[in-house]
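Everything numeric in this text was worked out from a predicted model, so none of it was measured. We're numbering straight along the sequence, starting at 1. Just follow the structure's listing: the first ligand is 1, and inside any ligand the first atom is 1. Because only heavy atoms are used, hydrogens play no part in the values below, and waters and symmetry mates are left out as well, while side chains stay in.
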Amino acid sequence: MKVFAGSASRFLAQKVARKLAKELSTLEHHVFPDGEKRLRVVDKVVDEDCVVVQSTSTDADKNYMELFFIVDALKRGRAKSITAVIPYLGYQRQDHVFRTGEAASLDVIIKIIEAVGVDKVITFDLHSIRIPELFHIPVAHLSALPLFAEKIRALRSLRDTPRANDTVLVSPDMGGIRRIKILSTMLGNIPYAAIEKDRDLKSGKIEAQRIHGTVKKQAIIVDDMISTGRTIVVAAELLNKKGADEIIVFATHPVFSKDAHILLQNSKVKKVFVTDTIDIPKEKYFSKLEVLSVAETIAEILMHSNKNNPNIS
Ligand code: R5P
């Protein structure tokens with residue numbers, strides 16, 4: 001098996017390769033003065049099972065194009081199979097046409113992924129569990145929830161005994177209830193709540209309307225992604241107003257658009273846990289942030305595929 005890193009996921013790819021006891025395979029990148037890219041797979045890949053790790057957060061278009069070029073180069077190099085690890089699948093929030101006249105953007109992306117020759121996709125915590133059904137190739141839809149459960153257990157064991165049961169899991173919007181229920185079950189049925197959120201599509205303004213469920217002293221907000229950070233900030237303000245004095249956030253994908261890092265640092269939130277599905281640029285780190293790694297989860301599924309499929313070496 002050969003593992004390749006797209007430029008958006010160098011750190012994660014490196015960690016995955018290490019878990020698999022492999023070196024990253026070599027790619028040559030060249031950018032022309034007008035911004036066009038030329039990509040070349042240096043290693044021989046004939047009859048090899050190849051894995052490309054490339055997240056497609058900001059700049060999604062650029063990162064997708066690079067992924068497509070790498071896959072095409074592998075295909076032309078006669079790779080036996082190509083697995084695209086796309087830890088954060090860009091355009092996932094546009095998984096259907098919301099208003100007449102719009103493009104079905106995710107559908108376009110999926111068509112290209114399949115057309116260039118990807119055999120299998122590995123991805124994390126998709127915005128909708130129906131997204132894998134839009135593909136015609138196998139999709140391994142993994143989750144960071146087990147990692148979060150492990151961390152929450154560790155955090156709870158550090159709390160004072162009288163407050164040990166004073167925790168509520170919170171979904172910052174009604175769409176996240178399924179996620180929160182799964183996590184609650186993993187943690188022995190911790191109580192959960194959900195916030196009714198309104199977002200104005202034009203201004204992007206978010207309002208947390210009301211909470212369904214009981215607020216406790218420790219509120220753990222769980223979401224699939226943090227983009228502008230507004231959802232979390234507004235949810236934390238509401239929870240704090242309703243009596244939560246320790247607010248902790250777990251979100252799989254640190255999209256961190258605009259000033260999300262500054263908003264989160266200055267918010268009512270005590271700590272923000274995210275994963276490395278997206279490499280976070282240095283300037284977007286803040287002191288409340290802690291990054292958990294999904295590398296082990298990816299390596300395990302890659303090894304597992306090997307066992308199940310004797311054709312994969
Ligand atoms: C929304 O449905 C998602 O689960 C996230 O809550 C949302 O995408 C976060 O966006 P932002 O950080 O911009 O509020």
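Ranking protein heavy atoms by distance to atom 10 (O) of ligand 1, first place goes to Arg199 NH2, 3.2 Å. Protein heavy atom at the shortest distance from atom 2 (O) of ligand 1 is His127 CE1, 3.1 Å.
For the atom pair OG1 (Thr58) and NZ (Lys258), the distance works out to 11.5 Å, reported to the nearest 0.5 Å.
Within ligand 1, counting atoms from 1 as listed, the ones closer than 4.0 Å to a heavy atom of Arg93 are 8 (O). Listed by atom number, the atoms of ligand 1 under 4.0 Å from Thr228 heavy atoms are 11 (P), 12 (O), 13 (O), 14 (O). In summary, the atoms of ligand 1 found under 4.0 Å from a heavy atom of Arg230, numbered by their order in the structure, are 12 (O), 14 (O). The contact set between ligand 1 and Thr231, taken as ligand atoms under 4.0 Å from a residue heavy atom, comprises 6 (O), 9 (C), 10 (O), 11 (P), 14 (O). Atoms of ligand 1 found under 4.0 Å from any heavy atom of Asp224, numbered from 1 in the order shown, are 3 (C), 4 (O), 5 (C). Within ligand 1, counting atoms from 1 as listed, the ones closer than 4.0 Å to a heavy atom of Lys197 are 1 (C), 6 (O).
Taking the six-membered ring where the residue is Trp, the centroids of Phe256 and His261 are separated by 6.0 Å or more.
Between Asp49 and Lys80, at least one side-chain nitrogen of the basic residue sits less than 4.0 Å from a carboxylate oxygen of the acidic one, meeting the salt-bridge criterion. Look at Asp224 and Arg179 and you find a salt bridge, because one of the NZ, NE, NH1 or NH2 atoms lies within 4.0 Å of a carboxylate O, short of that distance. At a threshold of 4.0 Å, the pair Glu102-Arg99 counts as salt-bridged, since one of the basic side-chain nitrogens sits closer than that to a carboxylate oxygen.
Side-chain contact annotation: Asp125 with Ser143, donor-acceptor N/O pair under 3.5 Å present.
Taking only non-hydrogen atoms, the option from Asp223, Ile221, Val222 nearest to atom 5 (C) of ligand 1 is Asp223.
Checked by distance only, ligand 1 and Ile226 stay at 3.5 Å or farther apart across all their nitrogen or oxygen atoms.
For Asp173, every heavy-atom contact with ligand 1 shorter than 4.0 Å involves the side chain, none the backbone. When heavy-atom distances to ligand 1 are checked against a 4.0 Å cut-off, Met225 comes that close through both its backbone and its side chain.
Looking at every heavy atom in both residues, Val215 comes nearest to Ile211 through CG2-CD1, 3.6 Å.
The aromatic rings of His96 and Phe98 sit tilted, their planes meeting at an angle between 30° and 60°.
Not close to ligand 1: Pro172, with no non-hydrogen atom less than 4.0 angstrom away.
No continuous path of ILVMFWY side-chain contacts below 4.5 Å connects Val121 to Val85, so the two sit in separate hydrophobic clusters.
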